[in-house]
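Residue numbers count from 1 along this sequence. Side chains included, hydrogens not; waters and symmetry mates left out as well; all remaining heavy atoms used. Read the numbers this way: they start at 1 and go in the same order the structure lists the ligands and their atoms.
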Amino acid sequence: MPTIIDGKKIATDIKNEIADRVKALRDSDERPPHLAIIVVGDDGPSHTYVNGKINACKAVGFDYSLMQFAATMTEQKLVKHIDGLNADEDIDGFIVQLPLPEHISVQTVIESIAPKKDVDGFTNQNFGSIGSKHELLLPATPFGIMELIRRYSIETEGKHCVVVGASRLVGAPLSLMMLEDARATVTVCHKYTVNLATHTKEADILVVAVGKPGLITKDMVKEGAVVIDVGTSRVEDSSKKSGFRLSGDVDFEEVSKIASAITPVPGGVGPMTIASLILNTMSAYESAHE
Ligand code: GUN
């Protein structure tokens with residue numbers, strides 16, 4: 001049986017650690033960290049993610065503000081609102097929940113966030129700081145994956161890490177962290193990669209962040225590999241009250257027969273994204289108060 005990498009437990013451990021630090025602040029009459037969450041429009045899954053983020057703030061004792069705007073809000077107004085948050089000393093960090101309505105440029109909005117308050121770690125400046133001595137705020141999902149690897153003492157130095165998916169939010173920054181911080185040999189695969197399996201079969205550590213349920217089957221994985229599944233797609237399931245269940249990119253049942261360690265979906269990488277957001281907000285607060 002492989003080690004099941006329990007992201008839910010590690011995320012709870014992290015939140016308990018932060019809650020202790022926030023309690024100490026409150027006990028000495030200091031204000032706690034304050035996270036603001038901007039939501040534009042009415043995307044269904046975003047509500048679930050945002051609720052998870054608010055519940056995490058409550059659990060650790062952070063102050064939070066939910067700023068909800070209509071889908072018709074203009075890009076200019078949103079950027080103006082962001083400028084206000086950049087200047088507001090009572091807000092330590094904030095995020096703009098994605099997706100945004102189509103008439104708003106995600107890149108323009110992200111680049112208007114002050115890097116020191118960018119607790120999602122999405123700005124070019126934070127991306128570019130990965131692996132340097134001056135790392136600022138790391139992108140939340142890759143940061144969460146690195147934290148899982150560290151807390152499970154998974155060896156990375158000199159290992160071959162294959163990352164499937166080269167997105168700007170997960171695959172690309174993770175491959176840099178694996179290279180620079182974890183000293184792995186890194187291969188990055190993406191939708192134009194020819195014969196994906198020849199690459200995945202070489203992986204000591206296989207990270208999959210594509211969003212295609214069942215993409216990675218047992219024959220594509222090396223015996224003893226560590227498998228990290230970032231995929232979280234909704235698939236129809238009439239046996240569930242909601243009518244759907246969450247599915248990863250990896251065939252968990254089959255691949256877990258040969259992996260040495262594997263993340264489940266749900267309960268693997270997902271909870272770590274929120275834990276990283278909480279860690280980043282704490283870091284932003286501490287940097288502002290140094
Ligand atoms: N939408 C889906 N995941 C995320 C995330 O991690 N951050 C933000 N801001 N939006 C998202």
Worksheet item: Who are the residue neighbours of ligand 1 when the rule is a heavy atom under 4.0 Å from any of its atoms?
Response: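 Residues near ligand 1: K53, V96, Q97, L98, D120, F122, T273.
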
Worksheet entry | S233-S247 side chain donor-acceptor pair, cut-off 3.5 Å |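 The answer is no; no qualifying pair exists.
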
Worksheet item: Any side-chain donor-acceptor pair under 3.5 Å between T198 and N195?
Response: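 No - no donor-acceptor pair under 3.5 Å links their side chains.
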
Worksheet item: Is there a side-chain contact between I262 and V226 (heavy atoms, below 4.5 Å)?
Response: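 The answer is no, as the side chains (C-beta and beyond) never meet within the 4.5 Å cut-off.
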
Worksheet entry | K159/D204 salt bridge by N-O under 4.0 Å criterion |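 K159 and D204: not salt-bridged.
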
Worksheet item: Could you walk me through whether I154 and I5 pass the side chain to side chain contact (heavy atoms under 4.5 Å, CB included) check?
Response: CA-CA 11 Å; I154 291 164; I5 298 174; 3.9 Å; yes

Show me the donor-acceptor pairs, under 3.5 Å and distance only, between side chains in residues 184-192 and residues at least two apart or in other chains.
from	atom 1	to	atom 2	distance (Å)
T187	OG1	H160	NE2	2.7
H190	ND1	Y192	N	3.3

